[in-house]
Amino acid sequence: MSQPTNFRTVGQTMRKKDSMQLLLGKGVYTDDIVRSRSPLVVKLLRSPHANAIVQSIRTDIAKKVPGVVDVYTWEDVPQKRFAIAGQTFPEPSPYDRLILDRHVRFVGDAVAIVAAEDEKAAQKALKLIKVEYQVLEPLLDFRTAKDNPLLVHPEEDWFPPCPVGGDNRRNLVASGLEQDGDVDAVMADCDIVIDRTYHTRAFNQAMMETFRSYCEMDVYGRLHVISSTQIVFHTRRILSNALGIPKSRIRVEKPRIGGGFGAKQTAVCDVYPAFVALKTGRPAEIIYTREESQIAGSPRHEMQVRVRLGASKEGRIRVLDLYTLSNSGAYGEHGPTTVGLSGHKSIPLYTASLEAFRFGYDVVYTNVQAAGAYRGYGATQGLFALESAVNELAEKLGQDPTRLRDANMLREGMYMPAYYGETARACALDRCMERCRQIFDWEHKYPVRDMGDGRIRAAGVAMAMQGSCISNLDVGSAVVRLADDGTFNLMIGAADMGTGCDTVLAQMTAECMDCSVDDVAVFGADTDASPYDSGSYASSTTYLTGKAVSEACDKLKKNLIGIAAELLSCPEDSLEFVKGGVKELGGEQRFVSLTQLAVKSQLNSSHTAEAAASCASPVSPPPYMVGMAEIEVDTRTGVVTVLDYKAVVDCGTPINPALARIQTEGGIVQGIGHTLMENVTYGSRGQILENSFMQYRLPTRLDMGKLQVEFESSFEPTQPFGAKSIGEIVINTPAPAIAHAIYRATGVWHRTLPITAEQIALGLET
């Protein structure tokens with residue numbers, strides 16, 4: 001569906017609402033805001049063992065350190081299990097955590113909490129805590145975890161709030177199987193079967209602002225939390241469960257967030273200063289070091305995905321069979337949900353010719369750092385596998401991989417059995433492919449070119465889809481209020497984590513209320529003041545909260561007409577909302593300004609000058625993307641240089657094209673990092689070796705050549721402005737596209753990420 005052209009504010013590039021505050025270095029982040037309140041410093045003693053039982057722990061010497069307020073152990077905390085995944089109740093993630101547990105399950109698991117007046121005292125106390133461990137054999141290989149006699153969670157009080165196929169006695173967080181059609185029969189009838197297994201690591205989000213949270217008791221004796229979080233309402237529930245206090249006694253708010261990428265959809269650290277504040281009655285703050293964020297954060301789930309693809313000799317993809325094994329690590333947060341996307345957001349891309357599909361999965365516990373949410377949320381892993389398998393099919397058939405996709409790809413109007421039975425109402429994937437071919441100059445760059453001196457140039461391609469919310473579950477909300485001076489206040493529960501959602505939602509408000517974006521002040525997110533919103537995740541804010549903004553504005557217009565009717569002593573149906581106020585239809589055509597309406601709403605009026613709306617959605621319209629990479633491989637060293645990356649995205653109507661472009665560029669560079677350099681490896685005892693940015697290498701501008709992003713707009717009919725999501729899909733194409741290009745240049749398929757220079761060089765020697 002084509003995009004309407006009559007929008008005034010939506011679809012326009014506008015500066016972010018908070019850009020000048022950030023540019024000028026104003027105090028907008030958690031630590032900026034709370035530093036003057038002199039909170040207690042909270043530090044954690046962490047386990048050096050991957051699997052152990054605390055036999056005894058001595059804290060008496062540590063407590064005598066000047067400046068130490070107290071030291072807490074597993075004996076001091078509530079013994080009620082909970083989950084820290086930011087997900088709508090009832091959570092699909094199992095309740096398998098305690099604030100402090102006698103049984104520690106990974107290197108870095110919390111053993112004790114230190115509260116001190118300053119960091120120096122806290123650090124000294126950590127060194128003086130004496131712990132005796134019963135060291136147990138760890139379970140480190142996720143391929144052997146299912147039904148292993150070594151149990152990560154042998155406890156009797158392990159609790160699954162939802163039936164997701166989990167069984168702690170089998171080391172299973174979740175398991176499932178679904179299919180459509182007779183997979184085995186169709187597979188047996190195919191001319192060509194591709195059967196490959198792909199492996200992706202537990203990549204870290206590496207956001208600039210590490211995990212941090214501040215907690216205090218307010219004047220009413222309630223717990224007040226200021227946290228760098230994407231999920232204020234879920235954090236409130238998590239703390240209520242963990243601490244055993246009512247949600248009504250907890251307030252959670254978030255300031256600016258210095259990056260999240262999904263990591264802050266998990267309440268990684270909030271419970272520790274909350275517990276200290278409750279125990280001492282004093283403000284408390286925890287700030288994770290970079291090392292703590294690397295070893296005890298919430299990285300992407302390591303996954304192994306087996307793809308069986310059956311096709312005709314002409315290249316028609318007839319059947320797909322995916323099995324995903326996901327490593328949840330020591331705890332199960334987000335395990336049951338991330339794995340689903342590995343199949344549901346990859347298989348539907350090939351709906352056009354698909355006769356049958358099967359998707360099975362197991363999510364297992366191991367004694368390594370627990371995984372969580374990361375941009376792409378499982379689709380990234382599944383798309384690397386399936387798109388690589390499709391590229392392998394194209395190479396086997398000697399076909400152009402873009403033309404093979406043309407013949408098999410999902411198109412607008414198609415019913416998608418593998419995507420929750422939804423229909424692709426707005427889909428420009430075919431146009432994305434055609435446009436990407438043009439701007440990339442595919443016909444000339446696809447052939448392999450020998451540049452001399454051992455340098456080979458080649459190109460690869462991939463396409464992707466994602467979603468725009470969690471259908472039939474999560475909620476987006478907004479309150480729009482007319483201020484005294486005729487401007488508007490927008491209150492939301494979604495969290496702007498640098499993505500610009502405050503700006504995008506303000507643009508929607510301005511579009512609806514026919515005003516300037518500068519006349520819309522945005523507030524959020526605060527559980528005491530904001531309307532309930534599930535939070536900023538699942539690519540839902542623009543689509544879902546945007547729908548709520550539109551509905552709230554429609555309600556506010558009706559309320560303002562009611563106020564004008566009182567002021568003019570005329571029927572409401574004789575009035576209409578126009579730019580700047582309300583005017584009379586026909587007759588005298590009297591006009592009441594927004595300022596007059598605001599004043600009247602405060603003087604003997606039966607109408608309120610505000611409106612609220614909440615929205616859920618029965619569907620989650622997918623955005624689509626095509627990416628093409630040109631690389632140069634130095635066959636003497638194995639070093640890969642990304643020379644050019646072109647991407648074309650269908651996100652419906654781009655509400656703010658500049659912000660959408662920045663989102664896309666950032667996601668592509670993240671994906672390149674996952675493909676070529678970022679890595680998480682474990683030592684023999686289960687310790688993470690890449691515990692700082694000295695070891696965990698991230699891509700910089702120097703690692704990226706040319707980068708061009710364009711949009712092929714569609715109009716999603718279930719969203720007032722035709723918008724779909726943009727935040728997550730953008731990370732999904734680099735890995736399969738670059739892996740394909742590396743094969744083209746070297747003749748060797750690499751099916752494990754990252755693909756390092758060493759692996760390429762060794763592959764060339766064999």
Side-chain angles (χ1 to χ4, degrees), residues 29 31 41 43-50 106-110 119-120 122-123 126-127 140 199-212 228 257-264 266 268-269 286-302 327 329-330 367-372 374-375 498 634 637-642 666-704 731 734-735 738 750 752-762:
Y29 298 102
D31 198 45
V41 173
K43 291 288 182 181
L44 301 178
L45 179 69
R46 298 188 178 278
S47 169
H49 306 293
F106 71 97
V107 175
D109 210 350
E119 187 161 350
K120 184 177 179 181
Q123 293 287 10
L126 287 176
K127 296 176 182 177
L140 302 177
H199 178 210
T200 63
R201 301 281 189 183
F203 303 115
N204 264 297
Q205 292 87 347
M207 58 279 173
M208 286 189 291
E209 183 194 31
T210 60
F211 299 101
R212 58 197 59 205
S228 181
I257 301 175
F261 307 113
K264 293 171 184 175
T266 302
V268 170
C269 66
I286 192 167
I287 298 177
Y288 273 30
T289 63
R290 181 58 61 186
E291 179 179 353
E292 287 180 299
S293 292
Q294 291 292 109
I295 69 167
S298 184
R300 189 182 295 284
H301 285 77
E302 179 182 21
N327 184 3
N367 290 118
V368 300
Q369 174 183 211
Y374 191 159
R375 188 182 210 168
D634 187 331
T637 63
V639 171
V640 173
T641 302
V642 179
I668 288 170
V669 175
Q670 276 185 309
I672 290 170
H674 293 177
T675 308
L676 297 176
M677 60 192 69
E678 295 182 49
N679 204 1
V680 174
T681 56
Y682 298 92
S684 59
R685 297 184 297 107
Q687 74 277 22
I688 290 178
L689 302 180
E690 298 80 14
N691 61 8
S692 77
F693 286 168
M694 294 295 289
Q695 295 86 20
Y696 191 79
R697 189 186 163 202
L698 296 164
T700 70
R701 188 64 188 88
L702 299 177
D703 297 299
M704 184 66 228
I731 202 171
I738 293 172
H750 292 271
T752 294
L753 298 182
I755 308 169
T756 64
E758 180 182 21
Q759 290 170 326
I760 293 170
L762 291 173

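The backbone N or O of Asn204 sits less than 3.5 Å from a side-chain atom of Tyr696, completing a donor-acceptor pair. Checked by atom type and distance alone, the side chain of His674 never pairs as donor or acceptor with a backbone atom of Pro754 at under 3.5 Å. Gln759 contributes no side-chain N or O that, together with a main-chain N or O of Gly638, makes up a donor-acceptor pair within less than 3.5 Å. Remark: the backbone N or O of Ala296 is paired with a side-chain donor or acceptor of Gln369 at under 3.5 angstrom. Using a distance-only test at 3.5 Å, with no hydrogens or angles considered, a donor-acceptor pair links the side chain of Ser692 to the main chain of Met694. Distance alone, capped at 3.5 Å, is enough to place a donor-acceptor pair between the Arg701 side chain and the Met704 backbone.
By the ring-ring contact (aromatic ring centres under 6.0 Å, His included) test, Phe261 pairs with no residue at all, sequence neighbours left out. With sequence neighbours excluded, the residues satisfying salt bridge (charged side-chain N to carboxylate O under 4.0 Å, His left out) with Glu119 are Lys43. In this structure, the side-chain contact (heavy atoms from CB on, under 4.5 Å) partners of Thr752, at least two apart in sequence or on a different chain, are His199. The side-chain contact (heavy atoms from CB on, under 4.5 Å) check on Leu689 picks up Thr681, Gln687, with sequence neighbours excluded. For Arg375, there are no salt bridge (charged side-chain N to carboxylate O under 4.0 Å, His left out) partners two or more places apart in sequence or in a different chain. Take Phe106 and apply the ring-ring contact (aromatic ring centres under 6.0 Å, His included) test, not counting sequence neighbours, and it matches no residue. Taking Arg201 as the reference, nothing meets the salt bridge (charged side-chain N to carboxylate O under 4.0 Å, His left out) condition, with sequence neighbours excluded. By the side-chain contact (heavy atoms from CB on, under 4.5 Å) test, Thr700 is found to be paired with Leu702, Asp703, residues two or more places apart in sequence or in another chain being considered. His49 pairs by the ring-ring contact (aromatic ring centres under 6.0 Å, His included) definition with Tyr133, not counting sequence neighbours. Applying the salt bridge (charged side-chain N to carboxylate O under 4.0 Å, His left out) rule to Arg685 yields no partners; only residues at least two apart in sequence or on another chain are considered. Applying the side-chain contact (heavy atoms from CB on, under 4.5 Å) criterion to Ser228, with sequence neighbours excluded, gives Thr30, Glu209, Arg212, Ile257, Lys264. With sequence neighbours excluded, the residues forming a ring-ring contact (aromatic ring centres under 6.0 Å, His included) with Tyr288 are Phe211, listed by chain and number.
Counting all heavy atoms, side chain and backbone alike, Val268 lies closest to Ala263 at CG2-O, 4.2 Å. Here the closest heavy-atom approach between residue Ala371 and residue Asn327 is recorded as CB-O, 4.0 Å. Taking each heavy atom of Leu140 and Gly683 in turn, the nearest pair found is CD1-O, 4.4 Å.
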